[in-house]
Protein chains: 2
Amino acid sequence: MVAKAEAARRREGTRSRLDDAARAGWLYYVAGNTQDEIASKLGVSRQSAQRLVSLAVSEKLVKVRLDHPIAHCMDLAARLRETFALERVEVVPTDPGHPDPALGIAEATAVEIETVLSATEPVTMGIGTGRTLKAAVDLMSPMDCPHHSAVSLAGNIAPDGSAAFYNVIFSIADKAKTRSFPMPLPVIAASAGERALLHEQASIRKTMALVASASISFVGIGDLGPSAPLKEDGFVTAEELVALQGAGAVGEMLGWTYDARGRFIEGLTNDRVASSPLPSREHGLVIAVARGANKLAAIRPAVTHRLVNGLITDEATAAALLG
Amino acid sequence: MVAKAEAARRREGTRSRLDDAARAGWLYYVAGNTQDEIASKLGVSRQSAQRLVSLAVSEKLVKVRLDHPIAHCMDLAARLRETFALERVEVVPTDPGHPDPALGIAEATAVEIETVLSATEPVTMGIGTGRTLKAAVDLMSPMDCPHHSAVSLAGNIAPDGSAAFYNVIFSIADKAKTRSFPMPLPVIAASAGERALLHEQASIRKTMALVASASISFVGIGDLGPSAPLKEDGFVTAEELVALQGAGAVGEMLGWTYDARGRFIEGLTNDRVASSPLPSREHGLVIAVARGANKLAAIRPAVTHRLVNGLITDEATAAALLG
DNA sequence: TGCGATAGTGAGTAATTGCCCATGCAAATA
DNA sequence: TATTTGCATGGGCAATTACTCACTATCGCA
């Protein structure tokens with residue numbers, strides 16, 4: 001029903017509406033018209049013009065990009081690179097008190113991914129999961145990259161059996177038309193035995209091998225505080241979370257939990273995590289994408305103990321990591 | 001001196017100012033703050049915040065990108081308008097390999113005509129002939145415009161004496177209920193003398209006068225290649241076509257043939273063309289409607305030599321005209 | 001030291017934009 | 001066929017933004 005309405009809309013309604021939105025957005029942002037002018041040029045009321053412009057924005061048709069190395073951010077990035085011997089660091093400005101936890105770093109990550117995919121030589125790129133990466137991919141411009149491969153680093157099956165929403169591999173395949181290699185596994189298996197069984201499947205083994213060859217990977221970092229994404233998304237229970245915290249876990253990447261010294265927690269959920277291991281930091285770039293005070297404890301061990309060798313974060317987080 | 005000022009600026013002044021501009025631009029466009037919020041976050045007055053944002057724009061620190069096929073069309077249109085000093089340009093997306101030579105531009109022309117006719121003030125609109133215009137009028141929504149006048153720019157008598165099929169004046173009168181002024185003449189008279197005789201008729205003189213007062217006109221463009229519409233429709237013979245080509249003719253509007261420099265071919269068929277001259281580009285809009293590789297040679301002189309001051313075409317043709 | 005030019009500032013004001021609401025239209029539903 | 005639901009529209013108004021003007025500080029230069 002919804003689909004039918006959707007289809008009908010696509011056939012005529014929304015199609016031309018999005019067209020108009022793009023027109024309006026172009027006239028507004030590129031040509032610098034006022035909404036009044038747009039209204040008369042498009043033959044609609046001023047209010048409609050305003051709606052079209054804001055539609056173009058909300059549909060992500062218009063993308064603003066800021067090309068200026070802000071000195072302070074550059075400085076922080078250089079010091080992070082130096083201090084933690086990271087290969088690649090990107091620091092974006094902070095907007096204090098803004099609600100969106102991915103603000104800025106999503107845009108920066110989108111640029112980063114686009115840069116990777118704009119290579120002519122085939123690239124294998126590992127992709128984790130999570131809200132931040134999802135937001136980043138949503139911000140990418142459509143591309144046509146059938147020569148590149150994107151491989152999922154984590155399972156994409158939610159606890160209820162559906163494809164997990166924040167799994168990003170499908171989004172990126174759709175946006176950039178890369179070859180895509182999902183990981184048809186739960187993030188955390190029911191038991192260690194089940195995980196072993198799953199990992200024996202030929203297709204999974206192939207995907208895992210591909211991960212090992214990835215030259216660049218992007219991973220989110222999850223905190224293990226009271227609203228840990230791992231719990232929010234139902235991958236671990238409240239009890240398991242408490243147990244993890246008790247064992248010293250402070251953060252998680254791809255489901256793998258680690259403590260303040262960057263050591264993976266032995267036993268508990270890590271025995272059942274079905275994700276690929278973190279890709280090699282020797283042979284490729286592994287870039288963590290995270291910001292925010294609540295993730296600080298999780299980010300710190302990741303960079304201090306070389307769980308990753310790249311970082312995209314914001315000013316405030318960068319300063320906290322250094323201070 | 002410039003270098004010195006530059007150096008001084010880099011040392012303190014503008015350097016940090018551009019930094020601030022970038023920050024302000026970021027907060028404004030990426031984080032979506034109001035300038036008030038930016039002002040307080042940066043600790044400057046609201047006016048200064050506004051200046052920083054506008055500086056970021058004028059310094060091209062912020063770049064907008066529009067991910068929609070329409071954006072490219074708008075871009076091409078703006079460049080055509082600029083390059084050829086045209087008043088009105090519409091560029092529609094190209095569907096590569098689609099057979100219909102009027103695809104897209106017919107729809108766009110229909111919209112254009114409807115817009116003209118939706119005026120409450122009486123308008124006199126000139127209309128040429130041709131498949132493209134015919135297709136455009138067929139796509140119009142029925143209207144009721146007895147206060148507007150449509151006047152044919154070209155004869156509507158086919159060589160066999162019937163009303164020429166691609167004459168559009170009747171279609172538009174029927175569709176929009178405008179007053180209509182056909183041109184009961186052959187497109188090309190049998191001789192220069194016959195043409196002179198025909199043009200002496202009172203009714204024809206009136207119609208011609210009306211043409212001269214048209215504030216907007218739509219004309220098709222015909223190529224003079226092997227399947228020139230002028231030949232296909234039997235207005236010129238194969239021999240005449242060869243002669244025209246020999247004289248350098250590359251295109252035709254309303255039957256008037258012209259060469260690559262936009263000069264009307266002297267002698268030959270132009271001595272007998274019974275159509276009205278092209279309406280004045282000084283006093284009104286004359287919009288050519290054409291697309292396609294085979295018409296490129298005919299379109300180019302029309303726009304470069306101001307035979308028309310408006311153009312409706314498609315992406316591929318627009319790009320070819322510019323490139 | 002003083003002069004002129006340049007750039008930045010704040011205030012006030014005009015222009016533009018964003019948002020809410022009542023209305024109307026059309027598709028879906030009973 | 002009548003009703004409901006969802007969505008686009010246009011008007012009006014408040015918020016936001018852009019612009020102008022007069023003033024000040026700074027800098028280069030004589």
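Sequence lines set the chain letters: A, B, ... in the order given, protein chains first and strands last, and positions in each chain run from 1.
Of the candidate nucleotides D/dC19, C/dC21, C/dG10, D/dC19 has the atom nearest to the side chain of B/Q50. Checked against D/dT20, C/dC21, C/dT17, the side chain of A/R51 finds its nearest nucleotide in C/dC21. Of the candidates C/dG18, D/dG10, C/dG10, C/dG10 carries the atom nearest the B/S48 side chain, counting heavy atoms from C-beta on. Listed candidates were D/dG12, D/dA18, C/dT9. Nearest to the side chain of A/R46 is D/dG12. Among the nucleotides D/dT17, D/dG12, C/dG12, the one closest to any side-chain atom of B/Q47 is C/dG12.
When heavy atoms are screened at a 4.0 angstrom cut-off, A/Q35 is found touching the sugar-phosphate backbone but no base atom.
Taking atom CG of residue B/D36 and atom P of nucleotide C/dA11, one finds them 13 Å apart after rounding to whole Å. Regarding A/L52, its CG atom lies at a distance of 19 Å from the P atom of C/dT16, rounded to whole Å. Between A/N33 atom CG and D/dA18 atom P the separation is 15 Å, expressed in whole Å. In this structure, CG of B/L27 is placed 12 Å from P of D/dT17, rounded to the nearest angstrom. In this structure, B/Y29 places its OH atom 10 Å from C1' of D/dT17, rounding to the nearest Å. One can place CG of B/L55 at 12 Å from P of C/dA7, the figure rounded to the nearest angstrom.
Side-chain contact annotation: B/S171 with B/K134, donor-acceptor N/O pair under 3.5 Å present.
Heavy atoms of other residues, nucleotides or ligands lying less than 6.0 angstrom from NE2 of B/H147 number more than 12.
One finds a side-chain N or O of B/S45 lying less than 4.0 angstrom from the OP1 or OP2 phosphate oxygen of C/dG10. For the OP1/OP2 pair of D/dT16 and a distance below 4.0 Å, the side-chain nitrogens and oxygens of B/Y28 include no atom meeting the criterion.
Look at B/D144 and B/K177 and you find no salt bridge, because none of the NZ, NE, NH1 or NH2 atoms lies under 4.0 Å from a carboxylate O.
With hydrogens and angles disregarded, a donor-acceptor distance shorter than 3.5 Å links the side chain of B/H148 to the backbone of B/A119. Between the side chain of B/N309 and the backbone N or O of B/G284, at least one donor-acceptor pair lies under 3.5 Å.
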